[in-house]
Engineer: 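Please see the structure below; I have some questions.
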Amino acid sequence: MHSQTTISRFPSLLTQTHFESLISFIKSTTKTTQLLEIHAYLLRTSLFQNTTFSVPFLNRISLPPLQNLTYSLRTFSQISRPIVTHYNTIIRAYAMSKYPEKGFYVYRDMMRKGKSSNSQSLSFVTKCCTKGCSVFGGLQVHARILRYGYCSDTLLLTTLMEFYSGGGKGDDACKVFDEMPQRDTVAWNVLVSCYTRNGKTRDALDVFDRMQRGEHGCDPDDVTCLLVLQACSNMCAFEFGERVHRYVKDHGYSHALNICNSLVAMYSKCGQLDKAYEVFQEIPNKDVVSWTAMISGFASNGRGREAINVFREMQRMGISPDEQTFTALLSGCSHSGLLDEGRSIFDHMQREFGLVPNIHHYGCVVDLMGRVGLVEDAYELIISMKCKPDATIWRTLLGACKVHGNLTLGERVIERLIELKAQEAGDYILLLNIYSSSGNWEKVIELRKLMKEKGIQTTPSASTIELKGEIHEFKVDDTSHPRINEVYEILDEIEKQLKIDGYNAEITDVRLSYHSEKLAMAFGVLATPPGTKIRVAKDLRICTDCHNFAKMLSAVYSREVTIRDRTRFHHFREGRCSCNDFW
DNA sequence: TTAGGGTTAG
């Protein structure tokens, strides 16, 4: 028996000179059976009470790949006089487990027993608070960090930044960063991720330059590139993304698979499919992430058939698709109105690949049915789902009700959203539009009154446009942009010009103001030479009026216009849109 | 007294 040999090997090893080989054996084995035998042996010989053995042992079983919390706790209880390191290991184990809050109790217990914690203890406890969303705990830890004088411990402070960043307190995270005496690349990286997570994508991009400046500058590493590329994707910052791409090439990161995959995603999300495809083709060992990124790129740019072709190619190459691959594929079908293909893929996914559809898959199919007018069927599908419908899926259906003017179903959907306590300003606006497009003005007035009573305020949506690598942002009825007066002037001029060519502002949609994408487009016309492509990114979905405006603009001003809205791309050219007015 | 902490793609 193998186990017998392992055990019988030890007596000869357990001379003073062979301690190290036993320790390195503990550190390297991944077999639980072997560890159990070593464990029994160490207990029998009382060697287990020696930290030389118990520390690496506890480490081994509490970290991946074994990562066995129950076993770690049992082992911990067998240590008669645990030292700080043992406690730390257990706190870390809890931080990685499903019960992060218990790590805090272990820490408290340790303090009560009169053990003094060290900076690692605080680091792990902070992680527990981050994962367990314990605001109070985290604040307590912060106070302790100050009291114990760990104010120049970069690693500990980085963990603390993560805590604030994860809890939506981006400003506090920045404050910790500002007060750090020394910063390394990881600290800068956490700052980037903090900005991105807290919706300050612009600031995230600025960090890329900021960190390289100054005497205490740090060179961005591969992780920085990943994070910044993500920010570029969010902002549709194509030129900035290209700059990061150059940096990646110059610093020898071009062969890292995760970086290449992010580049594919970034170019796709900036509407630059050719570039995305170029990078994609040059990846030698494409994995499921690479393929999914490419499929998703074609999908969101309204090229559903090509997305399906890439999927077929992927299968020929023997790469198995996963849940996210199907989400990308199905969204491709919905953006291109491929009803039969979508249904067949949805079926195929379950039968051939044994995947259980999740809320995203259902969401795509509901979107697809809604687009082609099968709103009642979509409703039935939501009702029949095995998982609980969320607000997003009802909102998708509500959007379809608006497009197809289905008033009764729209009202039913709003009720569902109210049940979920999830109704937002945007939902009421959609319903308002359903009423107004069917001429139901009494209901419009009634709903307006209700909205006023409930104090529902619309969050202003924003559009961005990139000029020479700089991002310009516009909100509805913007007044903050430095060239806003010129923008309004040119917007009036454009509207006049478009009216001559048949454009009429849409009145069915509730149009009270200058939408942000219009302002951004006008700024594009104002600030770039004739013929330059205009690329705008918007956080919500584009409305019919702005869509018409863009179509006309592309014809009358001979400009290619690309608008990325919340769900997809619209490429306008010579008076037409790639979505064929289907969105 | 050796052990031990932070960021990461679709």
Side-chain angles (χ1 to χ4, degrees), chain A residues 19-20 23-24 26-27 50-60 62-63 83-93 95-96 117-128 130 150 153-163 165-166 173 176-177 180 183-194 196-197 207 218 220-230 232-233 248 253 256-269 276 279-280 283 286-297 299-300 310 314 319 321-329 331 360:
Chain A
F19 268 23
E20 269 183 32
I23 293 167
S24 66
I26 292 172
K27 283 185 190 166
N50 188 333
T51 53
T52 318
F53 296 102
S54 58
V55 169
F57 192 89
L58 203 53
N59 252 322
R60 190 75 208 150
S62 66
L63 287 172
I83 60 166
V84 187
T85 314
H86 293 125
Y87 278 103
N88 289 354
T89 312
I90 295 301
I91 300 171
R92 180 182 57 192
M96 294 187 299
S117 65
N118 57 23
S119 86
Q120 270 101 28
S121 325
L122 291 170
S123 191
F124 294 136
V125 177
T126 312
K127 212 162 189 191
C128 289
T130 310
Y150 291 124
D153 190 325
T154 309
L155 266 74
L156 179 54
L157 293 175
T158 311
T159 326
L160 189 64
M161 278 179 73
E162 264 288 296
F163 162 73
S165 162
V176 173
F177 180 83
M180 268 159 85
R183 295 147 189 169
D184 59 8
T185 304
V186 181
W188 283 101
N189 290 350
V190 173
L191 186 68
V192 178
S193 108
C194 170
T196 314
R197 262 202 280 192
V207 173
C218 276
D221 65 0
D222 50 342
V223 178
T224 323
C225 292
L226 282 176
L227 292 164
V228 173
L229 284 172
Q230 227 176 22
C232 292
S233 305
V248 161
Y253 298 134
L257 190 56
N258 52 0
I259 298 261
C260 293
N261 293 344
S262 296
L263 282 167
V264 173
M266 182 275 291
Y267 282 128
S268 299
K269 287 185 184 165
V279 177
F280 173 74
I283 303 176
K286 303 177 187 64
D287 66 357
V288 60
V289 180
S290 331
W291 288 96
T292 307
M294 200 61 243
I295 292 172
S296 173
S300 60
V310 174
M314 169 185 182
I319 308 287
D322 65 9
E323 292 191 348
Q324 290 192 62
T325 316
F326 283 104
T327 308
L329 256 182
S331 84
H360 302 291

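Per chain, numbering begins at 1; letters A, B, ... match sequence-line order. In this text the structure is predicted, and so the values were computed from the model without any measurement.
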Engineer: Between dG10(B) atom P and Gln324(A) atom CD, what is the distance in whole Å?
Structural biologist: 8 Å

Engineer: What pair of heavy atoms forms the shortest contact from Asn189(A) to Val223(A), and how long is it?
Structural biologist: ND2-CB, 3.6 Å

Engineer: Which part of the nucleic acid does Val190(A) contact within heavy-atom distance under 4.0 Å: base, sugar-phosphate only, or nothing?
Structural biologist: sugar-phosphate

Engineer: Which of the following nucleotides, dT2(B), dG6(B), dT8(B), is nearest to the side chain of Thr51(A)?
Structural biologist: dT2(B)

Engineer: Could you state the CD1-P distance from Ile90(A) to dG5(B), rounded to the nearest angstrom?
Structural biologist: 15 Å

Engineer: Nearest-Å distance, CZ (Phe53(A)) to P (dT1(B))?
Structural biologist: 18 Å

Engineer: Measure from CE on Met161(A) to C1' on dG6(B) and round the result to the nearest Å.
Structural biologist: 10 Å

Engineer: What's the closest nucleotide to the side chain of Val223(A) if the choices are dT7(B), dG5(B), dG10(B)?
Structural biologist: dT7(B)

Engineer: Please classify the nucleic acid contact of Leu156(A) as base, sugar-phosphate, or nothing, using heavy-atom distances under 4.0 Å.
Structural biologist: base

Engineer: From the options dG5(B), dA3(B), dG10(B), select the nucleotide whose nearest atom is closest to the side chain of Val288(A).
Structural biologist: dG10(B)

Engineer: I need the CG-C1' distance between Leu155(A) and dT7(B), as an integer number of Å.
Structural biologist: 11 Å

Engineer: Reckon Thr224(A) touches a base, only the sugar-phosphate, or nothing at all at heavy-atom distances under 4.0 Å?
Structural biologist: nothing

Engineer: What nucleotide among dG6(B), dG10(B), dA3(B) has an atom nearest to a side-chain atom of Ile83(A)?
Structural biologist: dA3(B)

Engineer: Run Asn88(A) and Thr85(A) through side chain to side chain donor-acceptor pair (under 3.5 Å) and show every step you take.
Structural biologist: CA-CA 5 Å; Asn88(A) 289 354; Thr85(A) 314; 5.4 Å; no

Engineer: List the atom of Phe124(A), the atom of Ala95(A), and the distance in Å for their closest heavy-atom pair.
Structural biologist: O-CB, 4.1 Å

Engineer: For dG5(B) and Lys127(A) - does any side-chain N or O of the residue sit under 4.0 Å from the phosphate oxygens OP1/OP2?
Structural biologist: no

Engineer: Pick base, sugar-phosphate or nothing for Asp222(A), based on heavy-atom distances below 4.0 Å to the nucleic acid.
Structural biologist: nothing

Engineer: Is it the case that the base of dG5(B) and the side chain of Asn88(A) share a donor-acceptor contact (distance under 3.5 Å, atom types as modelled)?
Structural biologist: no

Engineer: Base, sugar-phosphate alone, or nothing: which one does Thr154(A) contact when heavy atoms must sit under 4.0 Å apart?
Structural biologist: base

Engineer: Work out which heavy atom in Ile259(A) is nearest to a heavy atom in Asp222(A); give both atom names and the distance.
Structural biologist: CD1-O, 3.4 Å

Engineer: Going by modelled atom types, is there a donor-acceptor pair between the base of dG6(B) and the side chain of Thr159(A) at under 3.5 Å?
Structural biologist: no

Engineer: For a quick check of understanding: with a heavy-atom distance under 4.0 Å over all strands, which category does Ser268(A) fall into, base, sugar-phosphate or nothing?
Structural biologist: nothing

Engineer: Select one nucleotide: of dG4(B), dG10(B), dA9(B), the one nearest the side-chain heavy atoms of Ser296(A).
Structural biologist: dG10(B)

Engineer: Taking donor-acceptor contacts at under 3.5 Å, does the side chain of Thr89(A) reach the base of dG4(B)?
Structural biologist: no

Engineer: Starting the side chain at C-beta, find the nucleotide from dG6(B), dG5(B), dA9(B) nearest to Asp184(A).
Structural biologist: dG6(B)

Engineer: What is the nucleic acid contact for Ser262(A), judged by heavy atoms within less than 4.0 Å: base, sugar-phosphate only, or nothing?
Structural biologist: sugar-phosphate

Engineer: Please report the C-alpha distance between Asp184(A) and Thr154(A) in whole Å, then the side-chain angles of each, then the deciding distance to 0.1 Å, and finally whether the side chain to side chain donor-acceptor pair (under 3.5 Å) criterion is met.
Structural biologist: CA-CA 8 Å; Asp184(A) 59 8; Thr154(A) 309; 5.6 Å; no

Engineer: Between the base of dG6(B) and the side chain of Glu162(A), is one N or O donor paired with an acceptor at under 3.5 angstrom?
Structural biologist: no

Engineer: Just to be sure I understand the rule, does Val84(A) reach a base, reach only the sugar-phosphate, or reach nothing, if contact means heavy atoms closer than 4.0 Å?
Structural biologist: nothing

Engineer: Would you kindly give the CG-to-P distance between Leu227(A) and dG6(B), to the nearest whole Å?
Structural biologist: 16 Å

Engineer: Respond yes when some side-chain nitrogen or oxygen of Lys269(A) is under 4.0 Å from OP1 or OP2 of dA9(B), and no when none is.
Structural biologist: no

Engineer: Between Leu329(A) (CG) and dG10(B) (P), how many Å, whole number?
Structural biologist: 17 Å

Engineer: When rounded to the nearest 0.5 angstrom, what distance separates OG in Ser123(A) from CZ in Arg92(A)?
Structural biologist: 10.5 Å

Engineer: Return no unless some side-chain N or O of Gln120(A) is found under 4.0 Å from OP1 or OP2 of dA3(B).
Structural biologist: no

Engineer: When you measure only distances, ignoring hydrogens and angles, does the side chain of Asp322(A) come within 3.5 Å of the base of dG10(B) through a donor and an acceptor?
Structural biologist: yes

Engineer: Between the base of dA9(B) and the side chain of Asn261(A), is there a donor and acceptor pair under 3.5 angstrom?
Structural biologist: yes

Engineer: Ala256(A) near the nucleic acid: base, sugar-phosphate alone, or nothing, with a heavy-atom cut-off under 4.0 Å?
Structural biologist: nothing

Engineer: Is a donor on one side and an acceptor on the other found under 3.5 Å between the side chain of Thr130(A) and the backbone of Thr126(A)?
Structural biologist: yes

Engineer: Would you say the side chain of Asn189(A) and the base of dG6(B) hold a donor-acceptor pair, judged only by whether the two atoms sit under 3.5 Å apart?
Structural biologist: no

Engineer: Nearest whole angstrom, please: distance from the P of dG10(B) to the CD1 of Ile283(A).
Structural biologist: 13 Å

